[in-house]
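Working notes, structure below.
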Amino acid sequence: MSGERYNPRESEPKWQKVWDDAKSFVTSNDDPREPYYVLEMFPYPSGRIHMGHVRNYSMGDVVARYHRARGRNVLHPMGWDAFGLPAENAAIERKTHPGTWTYQNIEAMKAQLKSMGLAIDWTREIATCSPEYYQHQQSMFIDMLEAGLVTRKSSKVNWDPVDMTVLANEQVIDGKGWRSGAVVEQRELTQWFFKISDFAEDLLEALDTLTEWPEKVRTMQRNWIGKSEGLRLLFELEPTEKTDVTSIEVFTTRPDTIFGASFVGLSPDHPLTTALAASNADLAEFVAECHRHGTATETLEKAEKQGFDTGLRVKHPVIEGQTLPVYVANFILMDYGTGAIFGCPAHDQRDLDLARKYGLSVKPVVLPPGADPETFSVADEAYVDAGNIFNSAFLDGLSIDDAKRKIAEYFGARQVDGKSQGTVETNYRLRDWGISRQRYWGCPIPVIHCEVCGTLPVPKKDLPVKLPEDVTFDKPGNALDHHPTWKHVHCHQCGASARRETDTMDTFVDSSWYYTRFTAPHAETPTVPAVANRWLPVDQYIGGVEHAILHLLYSRFFTRAMKAMGHVDVSEPFKGLFTQGMVTHETYKSQSGEWVNPTEIAIETNGEARTAKHIRTGDPISIGSVEKMSKSKKNVVDPDEIVATYGADTARWFMLSDSPPERDVQWTEAGVEGASRFQQRIWRLVNETIELTASPAASVDVQDAGALALRRIIHRSVHGVAGDIEGLRFNRAVAQIYELTNALTKALASSPSPAVTAALREGAEKLTILLSPMMPHLAESCWSLMGMHGLVADASWPDVDPALLVDNEVTMPVQINGKRRAEISVAKGTPAAEVERLVLSLEEVTRILEGKAPKKIVVVPDRIVNVVV
RNA sequence: GCGGGCGUGGUGAAACUGGUAGACACAAGGGACUUAAAAUCCCUCGGCUAUGCCGUACGGGUUCGAUUCCCGUCGCCCGCACCA
């Protein structure tokens with residue numbers, strides 16, 4: 001018996017040091033080879049990596065190592081999304097500085113990542129909380145301010161009462177803060193905004209160019225941007241004493257239904273509503289009621305449509321002499337369109353609900369195909385589909401689209417209050433990106449507020465505006481604002497006393513350009529454009545789908561902004577995007593209903609039945625459903641423990657096998673053990689192979705049939721695994737490597753001829769290279785054991801002999817009436833007539849034909865034969 | 001409600017433009033080696049009324065042939081959700 005068991009605990013640190021010393025993964029910007037940029041979403045330095053990281057970084061590492069082997073100059077960096085609230089919470093709990101906590105975490109996590117053996121260029125490491133990084137962000141903020149891409153405006157904001165900060169709309173999930181989970185309140189605050197909405201159209205259109213993105217993510221962004229084309233339309237008010245306002249402007253995407261209008265609706269927050277409510281206590285009460293519902297009852301099913309008749313009336317814009325009531329309605333949003341609508345109940349469900357409740361008219365104006373115009377009516381369900389316009393005078397008979405065009409022209413030519421009555425307008429749901437956060441641990445917004453000169457950017461020569469070190473977190477709110485001296489400055493322009501901006505930037509700003517900084521991480525400017533342009537866009541970006549909207553949309557915006565400022569010359573940051581699935585695990589509960597960690601239990605199997613009990617107490621434990629690993633359910637497995645027990649390669653291999661990478665993968669003890677066994681099998685295979693042939697592969701006897709068959713499998717595997725890695729189908733790459741391993745093991749056990757032995761040696765070498773992106777340490781050990789030159793990390797991906805990919809002999813299944821009955825083996829390219837002749841002489845076929853002629857024979861050359869009887 | 005995705009053995013899954021359904025792995029069962037265990041190796045492994053028949057959620061359709069395409073139903077997952 002040859003060799004000892006492979007010992008990853010010994011071998012893995014050894015190879016990591018070898019790579020380190022050889023600077024194997026340090027990437028030069030001057031390398032003339034074709035660049036390839038692979039990036040995984042950088043982690044928040046929480047202190048420990050979790051299995052999700054292991055999966056994410058294993059995938060990225062396979063891609064990086066594969067493309068290195070393919071001769072590309074690969075950029076594969078790592079950094080830290082290091083600003084953010086948890087550091088402040090930790091500061092409060094542990095009485096440490098957020099920076100101290102953060103940098104300690106970074107060190108701990110870096111050690112963990114290094115133990116995974118990732119092919120990362122650590123010389124490019126970035127922490128977004130370091131002034132070396134955020135000074136450039138401040139500098140770009142000033143550029144953006146000057147370029148008109150930043151505004152400061154008072155607006156209603158989502159206020160998180162627990163985190164005591166403002167949240168972007170995207171950060172409010174089901175009315176709750178995305179991090180704290182607290183019910184979000186509305187407050188009026190002056191905030192800094194990036195004008196992402198200026199780019200709405202471009203961000204939407206360019207989605208079509210992102211062909212290497214998941215369709216799902218593109219759809220989500222498309223919906224988020226929420227483009228809608230419609231008409232701004234003025235309704236003239238009947239003169240009234242209640243207000244001086246003479247017209248109401250609404251936004252509609254269905255101006256074609258104007259003949260069916262039966263009311264005009266205002267948002268409870270519409271200025272006219274507010275004005276009317278000032279002298280109408282009932283209306284004021286109605287508005288207050290709407291507000292109570294708006295914020296508190298997110299969980300309730302669709303709130304009932306409620307309206308309040310203001311008593312005002314508007315002139316029907318196309319029906320002479322008719323007027324329509326003006327309602328305030330609870331379902332009309334102030335921050336979309338104009339905050340006012342016209343209601344056409346027959347063709348909008350919400351309008352119909354309101355109309356039925358208050359007895360307003362319901363007049364259909366779109367006739368469904370095939371319906372009778374005399375009898376068609378709308379009951380409880382609005383008709384929202386296609387049809388032709390009727391009951392609409394000069395629009396009668398038109399399609400919806402034609403009617404929209406015609407009515408837009410009609411209103412465009414008329415005037416109300418000296419303005420055009422109708423203006424075609426495109427609306428977007430996407431709002432500007434509010435970046436102000438009332439927090440200490442973030443990038444300071446480099447602005448001062450001078451009593452004389454107003455709001456001024458800090459001169460670039462004075463950057464960075466550094467966070468003060470001596471801060472306390474004994475009061476809720478912004479520690480930066482509480483600092484005794486930091487915010488008091490003198491105006492650089494006039495010398496008057498001034499106040500520093502104490503808001504810091506949303507941490508999504510930090511992550512909106514870090515991939516660019518990686519291309520020149522030590523440059524004195526935010527980017528070195530020539531270098532950035534060479535690397536960008538990122539060829540393959542890999543991360544969680546939870547960032548489908550926020551991070552990815554912001555990054556797309558930021559790249560455009562950086563392009564406008566001359567920092568880069570690309571618009572899209574990520575050419576290829578891959579969103580990996582989560583890591584799940586079974587859950588366990590004690591009798592008393594408490595979650596129990598997998599390490600505390602023992603599973604017993606009795607045939608198919610599985611039971612669990614507590615290791616320490618022996619109490620029975622119930623096995624629950626498979627869920628995403630989470631601390632709250634205690635179904636987490638610590639990567640450190642896995643690496644210590646099985647080694648990094650085993651963890652990496654298991655994370656890549658079995659489940660397609662975009663799908664969730666279930667972590668199981670049995671699965672890890674299988675991966676670990678496979679590692680030993682490879683080691684044994686290589687050991688036994690070198691016992692047969694100690695010298696590197698030379699040419700193989702091409703005449704030997706056994707050797708040829710083996711070489712076919714070897715070359716097909718090299719080809720197949722390459723294709724699977726390029727397509728990110730890691731599970732299939734793994735399966736092919738298993739198949740190759742099985743074939744080599746079998747050949748080895750068959751007292752191989754010299755020719756087969758030579759092929760085996762070739763197979764062992766190539767298998768080692770195929771393994772190296774996934775199990776890099778084991779691969780180095782095998783490579784060195786075989787006495788190969790240099791490191792397998794530097795080895796080229798094997799060439800494939802195309803002649804070995806095609807079989808001369810093909811097996812064709814023979815179907816009778818679509819069911820497989822036999823198969824024949826023929827030379828590749830055998831003509832259909834010849835195949836037909838062979839098939840008809842088959843015993844299985846003649847038996848069923850019983851001398852009769854078949855109705856039809858379908859021959860797909862080299863694939864299949866189907867005899868129809 | 002709207003949009004998207006998915007339903008394949010005991011389990012994770014594979015099947016390229018419609019062409020041998022279940023590759024590969026896990027679990028399970030049987031055997032070999034061993035004083036014994038671990039490790040390793042070999043065999044079996046979709047179902048059934050088994051020379052055959054059925055089987056890719058269910059019901060139809062197109063086709064010589066459907067896991068794959070089309071229509072309908074059911075179930076699960078994800079995203080958006082009063083956006084006029």
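Everything numeric in this text was worked out from a predicted model, so none of it was measured. Any value given below was found using the heavy atoms of this structure, including those in side chains, with hydrogens, waters and symmetry copies removed. Quick note on labels: first sequence line is chain A, next is B, and so on, each numbered from 1.
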Task: Set of side chain to side chain contact (heavy atoms under 4.5 Å, CB included) partners for A:P268, sequence neighbours left out - done: A:V287, A:C290, A:V328
Task: Residue whose closest nucleotide on RNA chain B lies nearer the 5' end, A:M812 versus A:F342 - done: A:M812
Open item on the list: Can you pull out the residues from residues 663-673 of chain A that lie within a 4.0 Å heavy-atom distance of RNA chain B?
Closed with: A:R663, A:A670
- [ ] Output all residues satisfying ring pair (Phe, Tyr, Trp, His ring centres under 6.0 Å) with A:F286, sequence neighbours left out; order by chain, then residue number.
- [x] A:F308
- [ ] Take atom C1' in B:rU8 and the same atom in B:rG46, then report the distance between them in whole Å.
- [x] 10 Å
Open item on the list: Please confirm whether the ring centroid of A:F342 lies under 6.0 Å from the ring centroid of A:F263.
Closed with: no
Open item on the list: Tell me every residue that passes side chain to side chain contact (heavy atoms under 4.5 Å, CB included) with A:P214, counting only those two or more places apart in sequence or in another chain.
Closed with: A:V217, A:L577, A:T579
Open item on the list: My understanding is that only residues two or more places apart in sequence, or in another chain, count here; which of them pass side chain to side chain contact (heavy atoms under 4.5 Å, CB included) with A:R218?
Closed with: A:L207, A:L210, A:W213, A:E215, A:R222
Task: Residue A:R820, side-chain atoms from C-beta onward, closest of B:rU20, B:rG19, B:rA13 - done: B:rU20
Open item on the list: Check the phosphate of B:rA84 against A:Y336, side-chain N and O only, distance under 4.0 Å to OP1 or OP2. Yes or no?
Closed with: yes
Task: B:rG4 phosphate, OP1 or OP2, under 4.0 Å from A:R222 side-chain N/O - done: no
- [ ] Could I get the full list of ring pair (Phe, Tyr, Trp, His ring centres under 6.0 Å) partners for A:F730, not counting sequence neighbours?
- [x] none
Open item on the list: Between A:N731 and B:rA14, is there a contact of a side-chain N or O with OP1 or OP2 at under 4.0 Å?
Closed with: yes
With 3.5 Å as the limit, what N/O pairs link the protein to nucleotides 45-54 of chain B?
none

- [ ] Report the residues that fulfil salt bridge (Lys or Arg N to Asp or Glu O under 4.0 Å) with A:K357, sequence neighbours left out, ordered by chain and then residue number.
- [x] A:E304
Please enumerate all protein N or O atoms sitting under 3.5 Å from an N or O of nucleotides 60-64 of chain B, with distances to 0.1 Å.
{"unit_1": "B:rC64", "atom_1": "O2'", "unit_2": "A:N866", "atom_2": "ND2", "d": "3.0"}
{"unit_1": "B:rC64", "atom_1": "O2", "unit_2": "A:N866", "atom_2": "ND2", "d": "2.7"}

Pairs under 3.5 Å (N/O, protein and nucleotides 39-43 of chain B):
{"unit_1": "B:rU40", "atom_1": "O3'", "unit_2": "A:R684", "atom_2": "NH2", "d": "3.4"}

Task: Set of residues satisfying ring pair (Phe, Tyr, Trp, His ring centres under 6.0 Å) with respect to A:Y6, sequence neighbours excluded - done: A:W683
Open item on the list: Show me, range against range, the stems involving RNA chain B, built from at least 3 consecutive Watson-Crick or G-U pairs below 3.5 Å.
Closed with: B:1-7 with B:74-80, B:10-12 with B:24-26, B:28-32 with B:40-44, B:46-48 with B:52-54, B:57-61 with B:69-73
- [ ] Return the nearest nucleotide to the side chain of A:W224; candidates are B:rA25, B:rC80, B:rA84.
- [x] B:rC80
